[in-house]
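Treat the numbers as computed from the prediction; the structure is a model and nothing was measured. As the structure lists them, so they are numbered: ligands from 1, and atoms in each ligand from 1. Position 1 is the first residue of the sequence, and the numbers go up from there.
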Amino acid sequence: MIRSAMPNRHLIANWKMNLPPEGVGPYMEAIHRAASARVSIAVAPPFPYLKETAGKGGDLIIAGQNCADHESGAFTGEVSPGMLRACGARAVIVGHSERRSLYGESDAVVARKLSAAVAAGLTPVLCIGEDLRTRDAGHVSRFLADQIKAAATSGLEAAKEIVLAYEPVWAIGTGRNASGAMLAETVGQIRESLERFWPVNHAKSTAILYGGSVTPENTADLVAHGAIDGFLVGGASLDSGKLLAILAAMGRD
Ligand code: PGA
């Protein structure tokens, strides 16, 4: 991500609203040298920890977990993409399913956030993913295509890089992960939709990550089909040892 003309795999630790302030230093100390030529590592901490993580991040990328859909103004409680950047962030997660379901973020809001992030020079990590009912009904491909189409706003082609995270809602924090075979099929469908709806410069080059109950134990199966370019990890990323074990299980090449 971002520095990433070289690394072609990504590992993102999404802390969500976790870790006490005194846990930040030891965590960063444990992982700050872990990024390699092949895997870029990003940490997405709560906003108040951004500067500290950026200061201790070494080769790591620091990411926001969310951003406003405007750059400034009367938006109490919001944080703009430019402010994230000023605090050391180089990427931002946009459209996480918890934002969509718990805070009512529609596809239109997510698209505006994506544009605002690109305009501020951040690499957006756009999350998409279906719920269980949609999967059981066999509508995954159409559902993801709609989310991808809705995110295809003007200005997207100006982004240096966009990362997409496929995070099926039924797999997030549930202990129930997708299988490698399922990912191979779904990622193929996502790639088709990107080619249909996104600017050519991103349709092929956008990295596609998987998120949803990733652990050191299931990483090998998830990468086995070669369909994905890395992971967005929530729960398991709170333990630096587990994050490093996932990194190791991603393999060296
Ligand atoms: P999880 O979360 O790894 O705890 O399932 C993933 C995410 O929400 O990004």
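- Nearest heavy atom pair, residue Leu126 against residue Ala151, reads CD2-CB, 3.6 Å.
- Residue contacts with ligand 1 leave out Ala236, since none of its heavy atoms falls under 4.0 Å from the ligand.
- Among residue pairs with one or both ends in residues 22-76, those qualifying as ring-ring contact (aromatic ring centres under 6.0 Å, His included) are Trp15-Tyr27, His70-Phe75; sequence neighbours excluded.
- Residue Ala171 places a heavy atom under 4.0 Å from ligand 1.
- Between Ala89 and Leu50, the shortest heavy-atom contact is CB-CD2, 4.4 Å.
- Nearest protein heavy-atom neighbour of atom 4 (O) of ligand 1: Gly235 N, 2.8 Å.
- When hydrogens are left out, the protein atom nearest atom 9 (O) of ligand 1 is Glu167 OE2, 2.7 Å; that is the closest non-hydrogen contact.
- Distances below 4.0 Å separate heavy atoms of His96 from the following atoms of ligand 1: 7 (C), 8 (O), 9 (O).
- Residue-to-ligand polar distances place Ser213 within reach of ligand 1: an N/O pair is separated by less than 3.5 Å.
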Q: Could you walk me through whether Leu209 and Val163 pass the side-chain contact (heavy atoms from CB on, under 4.5 Å) test, one step at a time?
A: CA-CA 8 Å; Leu209 315 188; Val163 173; 3.7 Å; yes
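- Only the side chain of Asn14 comes within 4.0 Å of ligand 1, counting heavy atoms alone; its backbone N, CA, C and O stay farther away.
- Of the protein's heavy atoms, Gly234 N, 2.9 Å lies nearest to atom 3 (O) of ligand 1.
- For atom 2 (O) of ligand 1, the closest non-hydrogen atom on the protein side is Lys16 NZ, 3.3 Å.
- Lys242 NZ: 12 or fewer foreign heavy atoms inside a 6.0 Å radius.
- Taking every heavy atom of both residues into account, Ala35 and Ile41 meet most closely at N-CD1, 3.7 Å.
- In this model, no donor atom of one side chain and acceptor atom of the other lie less than 3.5 Å apart for Glu167 and Ser97.
- Which parts of ligand 1 touch Gly212 is read off a 4.0 Å heavy-atom cut-off, strictly below it: atoms 5 (O).
- Ligand 1 is never approached by Gly211 to a heavy-atom distance shorter than 4.0 Å.
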(Q) Between Tyr166 and Glu130, is the side-chain hydrogen bond (donor to acceptor under 3.5 Å, both in side chains) condition met? List the steps. (A) CA-CA 9 Å; Tyr166 168 57; Glu130 81 286 354; 2.9 Å; yes
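- Comparing heavy-atom distances from atom 5 (O) of ligand 1 across Ala44, Pro168, Gly173 singles out Gly173 as nearest.
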